[in-house]
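Worksheet: one structure, shown below.
Worth knowing before you read on, the calculation uses all heavy atoms, side chains too, and leaves out hydrogens, waters and symmetry mates. Predicted, not measured: the structure shown is a model, and the values here were computed from it.
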Amino acid sequence: MGAAFDSISFKASLCDGCGDCMTACSTAKQGASRISIVPGAKAGTFETAICRQCGDPKCVQVCPSGALDKDGGNGVVGWDASKCVDCLLCTAGCAYGGIAVDETVARVAKCDQCDGDPACVKVCPTGALEYRKAGTIFNQYGDKEDLFVPGLSGCQGCNSELIMRHAMRKIGRNSVLATPPGCIPGMGSVGYNGKTGTKVPVFHPLLTNTASMLAGIRRYYDRIGRKDIVVMALAGDGGTSDCGFHAVSGAAERGEKVLYVCVDNEGYMNTGMQRSGTTPYGSWTSTTPVGEHMKGKTQDAKNLPLIMTAHKCRYVATASTGYMEDLYEKLDRAVEASFEGFSYLHIYSPCPTGWRVPSSKVIEACRMSVDSNFNPLWEYTNSTGLRFTHSPDNAYPVAEYVKMIGKYRHLSQDQLAHIQAKVDEQVALLKLMAAESPPPLAAHRAPTGSSTPVGAEPTQSARREIARN
């Protein structure tokens, strides 16, 4: 398997042309800026010229002295000043304008990503520049064992399959998994005739009792002294927000020490694309059709992760495969919190079949849902309160997101306005919660032993075992 590299991404739609990135780069490098912001093709728009750290860099090919070379460790195309003969052929060879000339010294000036902490990204006030660390994730986890067998029967481009394979690679073998009825068991995580597609202990609860069964399993492991097992669910939104909600709410209220991951594809997608409690307003589903008398779902979606914060869970977070660095960091925190109380992770998952999205556009839909604040990314703990993990400011209009989703193709202007208003209302509420101080410390935790009988405070050795897994 080849190596992947971290990179600086640029979102032209968020750039206001302030030039702070160029100033920061120039200051950090004590010379010419390695990044340039230039006017775009349309008035009022901007583009950037920066080294793309190409996989097959033309600048390296045309360099006659070997002063440029791509580092196999971090992927950065480096420049060796001692070898450079100042011919500047590299500036002509780069099609992206990624190599500039420092006029004050007449030498090459190119981006080196500031050793993984780019100065330009840190000062960007609009979020147009972002340092993406997906390459590090790929290198770190790509060779780890996939804990699901090949050949599961998910639909082409299934984002839920992506979530479950990534999540279990990250969490590892020391886990017991529950997959209630839904797409995940439907594609073969639990199987037939004693066979399963999962390489860790897995069980198939009813749609209604997943959290209750997990609570019992957690208590059993506590009783026999196993503090190193992650007891967790990969459940759909139907089994979480609708018929399974009483068990989820009860387990959260009792502070059961489990990790509950809700994979939200906004409907019962494996049984005919029926609407669920988290199906958004206006969505076409087989039970909220579009026709003469109905234009999709007429109710707003439950904000399930926000409901879980009202349970004062140990940890609550939203995540998306559009931002894998954020997802992996939250998996770490969610697992850690699950040894101390109820931990809830809500991952948005576009369904290419039910949403009428091309398989090739699923990840783009993930990103757009976040970038439009349709599904904002945040996390909550009962000790620190709520914080955003992705800026909710400078968001795209919701219309930009829904136009790529087939189930919204029929929306009228009134329906679009309603959805935008609800999104704005949701973000305003989250900002209000984020601005509030955390509750008093005394309210954080129930007395020892009041939830799980034997208690399950994770020891350092247990955590090290998990880390090795």
Side-chain angles (χ1 to χ4, degrees), residues 1-11 14 21 50 52-53 73-76 111 113-124 126-144 146 159-172 259 261-264 305 315-337 343-350 362-381 384 386-396 430 434 466-467:
M1 188 182 71
F5 305 112
D6 300 335
S7 61
I8 298 174
S9 70
F10 175 73
K11 293 181 181 178
L14 299 181
C21 55
I50 187 173
R52 307 291 180 178
Q53 317 296 349
N74 58 22
V76 172
C111 173
Q113 297 188 347
C114 298
D115 295 325
D117 188 23
C120 56
V121 174
K122 289 189 290 188
V123 301
C124 180
T126 63
L129 287 170
E130 187 176 6
Y131 189 55
R132 304 299 305 270
K133 298 181 179 178
T136 298
I137 292 174
F138 181 80
N139 295 333
Q140 186 174 358
Y141 294 98
D143 287 333
K144 285 187 177 291
D146 187 347
N159 193 62
S160 296
E161 182 173 355
L162 190 67
I163 289 171
M164 58 197 242
R165 290 185 186 276
H166 271 280
M168 294 312 296
R169 276 181 193 245
K170 175 67 176 173
I171 293 170
L259 168 59
V261 179
C262 176
V263 181
D264 182 7
Y315 184 77
V316 179
T318 61
S320 166
T321 49
Y323 290 88
M324 293 300 292
E325 309 95 312
D326 182 78
L327 171 57
Y328 268 68
E329 289 173 1
K330 286 173 177 172
L331 279 169
D332 265 343
R333 291 192 281 271
V335 168
E336 189 78 10
S343 182
Y344 179 84
L345 185 58
H346 195 100
I347 308 178
Y348 300 107
S349 183
V362 166
I363 297 301
E364 186 178 344
C366 288
R367 289 178 182 154
M368 279 299 297
S369 72
V370 173
D371 293 343
S372 63
N373 278 340
F374 198 88
N375 294 319
L377 299 183
W378 52 268
E379 67 180 0
Y380 163 90
T381 75
T384 61
L386 188 145
R387 76 176 184 94
F388 289 98
T389 58
H390 189 84
S391 173
D393 300 320
N394 304 306
Y396 290 100
L430 289 170
I466 293 169

For E325, side-chain contact (heavy atoms from CB on, under 4.5 Å) partners two or more places apart:
R132, K133, I137

By side-chain hydrogen bond (donor to acceptor under 3.5 Å, both in side chains), E161 pairs with (sequence neighbours left out) R165

Which residues share a ring-ring contact (aromatic ring centres under 6.0 Å, His included) with Y323, sequence neighbours left out:
H390

Taking side-chain contact (heavy atoms from CB on, under 4.5 Å) as the test, write out the residues that go with A134, two or more places apart.
none

Return the OG to OH distance between S9 and Y131, rounded to the nearest 0.5 Å.
11.0 Å

Where C21 and L129 come nearest, the two heavy atoms and their spacing:
CB-CD1, 3.6 Å

Please lay out, stage by stage, how C366 and Y348 fare under the test side chain to side chain contact (heavy atoms under 4.5 Å, CB included).
CA-CA 7 Å; C366 288; Y348 300 107; over 6 Å; no

Roughly how far, to the nearest 0.5 Å, is the OG atom of S320 from the NE2 atom of H346?
11.0 Å

I'd like to check the side-chain contact (heavy atoms from CB on, under 4.5 Å) partners of R333; sequence neighbours left out, ordered by chain and number.
Y315, E329, K330, E379, R387

Is the closest side-chain heavy-atom distance between F10 and I50 below 4.5 Å?
no

Interatomic distance, CD@E336 vs CG@L259, rounded to 0.5 Å, equals 12.0 Å

Any side-chain heavy-atom pair from H166 and L331 closer than 4.5 angstrom?
no

Could you give the distance from SG (C124) to NZ (K122), rounded to the nearest 0.5 Å?
13.5 Å

Pick one: which of T318, L345, N375 meets side-chain contact (heavy atoms from CB on, under 4.5 Å) with P305?
T318

I'd like to know if the side chain of N139 reaches the main chain of A4, judged simply by a donor and an acceptor atom lying under 3.5 Å from each other, with no hydrogens or angles considered.
yes

Verify, without hydrogens or angle tests, whether S343 (side chain) and A334 (backbone) share a donor-acceptor contact under 3.5 angstrom.
yes

Which heavy atom of N373 sits nearest to which heavy atom of P392, and what is that distance?
ND2-O, 2.6 Å

From D326 atom CG to T389 atom OG1, the distance as rounded to the nearest 0.5 Å:
3.5 Å

Please report the closest heavy-atom contact between S349 and V263, naming both atoms and the distance.
CB-CG1, 3.8 Å

Holding to salt bridge (charged side-chain N to carboxylate O under 4.0 Å, His left out), I want the full list of residues that pass it with D115, two or more places apart in sequence or in another chain.
none

Okay, side chain of D6, backbone of T136: is any donor-acceptor separation there less than 3.5 Å?
yes

Report the distance from atom NZ of K170 to atom CG of L327, rounding to the nearest 0.5 Å.
9.5 Å

Do N159 and I363 touch side chain to side chain, with heavy atoms closer than 4.5 Å?
yes

Looking only at heavy atoms, the pair that brings F388 and A434 closest together is CE1-CB, 4.2 Å

Between L14 and G127, what is the shortest heavy-atom contact and its length?
CD1-O, 3.7 Å

Kindly say whether the aromatic ring centers of Y328 and Y141 come within a distance under 6.0 Å.
yes

